[in-house]
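Reviewing the structure listed below.
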Amino acid sequence: MKVLVVVAFLIASVLPAHAYIDGGSGSYVLQIAMAGVLALLFSLKLAWTRLRTFVSGLFSKRSGSDSRIDG
């Protein structure tokens with residue numbers, strides 16, 4: 001709760017900067033946003049593939065007994 005109060009105070013106490021924003025900054029921010037979205041999509045795809053493989057392994061038919069005894 002204290003963190004939220006501090007964050008709210010910091011956001012409320014922002015002063016105008018009167019600073020120059022470089023033209024390439026927007027392109028850089030766009031690249032970071034696109035990389036973040038693609039990384040999220042890849043992570044979701046990887047998690048979905050692992051979940052699907054795990055579930056299909058649970059329901060697949062096994063040949064023979066469950067115990068593996070060599071000999």
Problem - Beyond-backbone contact of Lys45 with Leu41, side-chain heavy atoms, under 4.5 angstrom - result: no
Practice task
Please answer: with hydrophobic residues joined when any side-chain heavy atoms are less than 4.5 Å apart, are Val29 and Val37 in the same cluster?
Solution key: no
Practice task
Measure the OG1-CG distance between Thr53 and Leu58 for me, rounded to the nearest 0.5 Å.
Solution key: 11.0 Å
Problem - Shared hydrophobic cluster for Leu46 and Leu51 (ILVMFWY, side-chain gaps under 4.5 Å) - result: no
Exercise for the section: List the steps and the verdict of side chain to side chain contact (heavy atoms under 4.5 Å, CB included) for Ile32 and Tyr28. Expected result: CA-CA 6 Å; Ile32 291 173; Tyr28 185 65; 3.3 Å; yes
Exercise for the section: Please check if Met1 and Ile11 belong to a single hydrophobic cluster, counting links between Ile, Leu, Val, Met, Phe, Trp and Tyr side chain heavy atoms closer than 4.5 Å. Expected result: no
